[in-house]
2 protein chains.
Amino acid sequence: MSLKYAVLAALLEGEASGYDLAKIFDVSVSNFWAATPQQLYRELERLTDDGLVQARLVAQERRPNKRMFTLSPTGRQDLAEFTARQPKPTAARDELMVKVQALDAGDPTAVRAHIEERIQWAHGKLARYERVRAHLLGDLDEDTFLREGERVGPYLTLLRGISFEEENLRWGERALRILDGRTATTDRERHGGTA
Amino acid sequence: MSLKYAVLAALLEGEASGYDLAKIFDVSVSNFWAATPQQLYRELERLTDDGLVQARLVAQERRPNKRMFTLSPTGRQDLAEFTARQPKPTAARDELMVKVQALDAGDPTAVRAHIEERIQWAHGKLARYERVRAHLLGDLDEDTFLREGERVGPYLTLLRGISFEEENLRWGERALRILDGRTATTDRERHGGTA
DNA sequence: ACTCCTTAGTCAACTTGGTGAATAGGTGCG
DNA sequence: CGCACCTATTCACCAAGTTGACTAAGGAGT
């Protein structure tokens with residue numbers, strides 16, 4: 001149900017094509033609601049049928065034609081009503097954590113490598129987020145923007161995304177230290193230390 | 001695909017019924033992989049058919065009969081291989097954030113209230129996590145456990161869960177301050193201040 | 001006595017989400 | 001000159017998740 005509203009919320013930024021939305025989702029929305037391009041196209045189709053967005057065909061030369069979508073008044077109101085309804089609790093889905101959970105009965109060095117990749121990934125995400133942040137702020141400083149900007153919503157979700165990735169980083173570093181501490185211990189034991 | 005391995009990983013703790021697993025998922029696993037009881041029962045059925053878990057019927061008096069599931073050697077190996085494969089990136093699904101994103105075109109006071117609820121929820125989760133942590137540690141202190149415990153996996157995922165909720169708390173408090181700062185500004189403007 | 005909660009599970013229907021490929025011209029790189 | 005990537009979308013299928021009801025018995029609270 002929420003993909004619908006994630007799309008409507010994304011269209012608050014203005015007219016966009018399915019392709020545009022796919023990119024927007026990729027860089028920012030995916031942080032709290034991931035969706036593949038196919039999901040977006042399908043959802044836009046439905047939203048158009050239900051009159052929540054208006055579609056218009058833009059013929060292009062040297063590029064495929066595209067359909068641009070705008071939030072309709074009905075869509076805007078539906079979205080507003082949605083914000084007032086009680087949200088469902090967060091549903092996390094992190095495959096890495098499943099592997100970490102099973103680490104002791106699995107392949108600890110492989111899992112260690114996955115954690116390192118996750119750390120690299122987080123660095124990349126943070127760099128992209130910083131660019132989104134600069135873009136959102138425009139020429140205002142943060143305090144002014146937060147007090148007077150017309151759209152703090154996207155900034156707040158961005159802050160959540162940033163602290164999520166920072167937390168990923170801190171957790172990852174700690175996890176690596178812990179795992180390294182253990183292999184060190186195991187080595188010592190192997191050479192006849194503790195036992 | 002990962003629900004399968006989340007279940008297998010949970011069975012590393014020992015034999016459990018579907019009902020037990022539902023509770024385990026509720027308090028700890030749900031943090032990185034949420035699942036409803038129905039999903040678990042279905043998955044256990046499949047895993048039994050595929051020989052990855054062994055099922056045994058336990059007749060009970062004054063309680064409904066139950067089926068207890070154990071990880072089979074094949075299941076254990078499948079799980080180990082899974083840990084070595086590259087994980088998919090995290091897929092977040094947070095309805096509250098969708099509402100926050102649309103906040104400026106929606107109902108800011110309602111969203112504010114949702115954030116407050118989220119904060120309360122996070123407090124509750126943290127309290128439960130502390131109990132899980134104490135249970136995992138047993139009589140060891142953290143350092144010893146992390147160096148010598150046989151199963152650090154569940155502890156590491158728990159740490160991630162704890163810092164996630166702490167981050168929720170910090171973000172929530174900050175978001176509330178920001179929103180309050182804005183209504184204050186709006187009030188001043190209404191009384192003829194800034195313009 | 002009545003109701004609600006807990007244990008323990010099953011079934012069916014439905015809604016979402018994910019995968020992979022097809023189409024098709026344009027651009028950039030070496 | 002060819003190959004890979006970018007724009008832009010669609011189709012078809014398959015996998016996964018969600019909802020709600022139903023069964024059944026015991027215990028706890030009012």
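In what follows, chains carry the letters A, B, and so on, assigned in the order in which the sequence lines appear, proteins first and then strands, with residues in each chain numbered from 1.
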Return the value, rounded to whole Å, for the distance between atom CD of Gln60(A) and atom P of dT27(C).
12 Å
Can you tell me the distance, in whole Å, between the NZ atom of Lys23(B) and the C1' atom of dT6(C)?
9 Å
Hey, mind stepping through Arg182(B) and Val152(A) against side-chain contact (heavy atoms from CB on, under 4.5 Å) and telling me if it holds?
CA-CA 10 Å; Arg182(B) 287 167 71 79; Val152(A) 278; 3.3 Å; yes
On DNA chain D, reading 5' to 3', which nucleotide is the first and which the last to sit with an atom under 4.0 Å from a heavy atom of chain A, could you check?
dC6(D) to dT19(D)
Working note: Glu173(A) + Glu116(A), criterion side-chain contact (heavy atoms from CB on, under 4.5 Å); need CA distance, chi angles, decisive distance, verdict.
CA-CA 8 Å; Glu173(A) 302 291 2; Glu116(A) 275 180 332; over 6 Å; no
Counting only heavy atoms not in Arg76(B), do more than 12 fall under 6.0 Å of its CZ?
no
Leu103(A) vs Thr83(B), side-chain contact (heavy atoms from CB on, under 4.5 Å): CA-CA, chis, key distance, verdict
CA-CA 7 Å; Leu103(A) 166 143; Thr83(B) 65; over 6 Å; no
Taking only N and O in the side chain of Ser17(B), is any of them less than 4.0 Å away from OP1 or OP2 of dT7(C)?
no
Is Tyr41(B) near enough to dT10(C) that one of its side-chain N or O atoms lies under 4.0 angstrom from OP1 or OP2?
no
Answer yes or no: is there an ion pair linking Glu95(B) with Lys99(B), defined by an N-O contact shorter than 4.0 Å?
yes
Look only at the side chain of His135(A) and the backbone of Glu130(A), and say whether a donor-acceptor pair between them is shorter than 3.5 Å.
no
Distance-only donor-acceptor check, side chains Thr70(A) and Arg56(A), under 3.5 Å
no
Sequence neighbours left out, what pairs pass ring-ring contact (aromatic ring centres under 6.0 Å, His included) with at least one residue falling in residues 136-167 of chain A?
Phe145(A)-Tyr155(A)
Dump every N/O contact between nucleotides 15-22 of chain C and the protein below 3.5 Å, one line per pair.
unit_1, atom_1, unit_2, atom_2, d
dG17(C), OP1, Arg93(B), NH1, 3.1
dG17(C), OP2, Gln39(A), NE2, 3.4
dG17(C), O5', Gln39(A), NE2, 3.3
dG18(C), OP2, Gln39(A), OE1, 2.7
dG18(C), O6, Arg42(A), NH1, 3.2
dG20(C), O6, Gln38(A), NE2, 3.4
dA21(C), N6, Gln38(A), NE2, 3.4

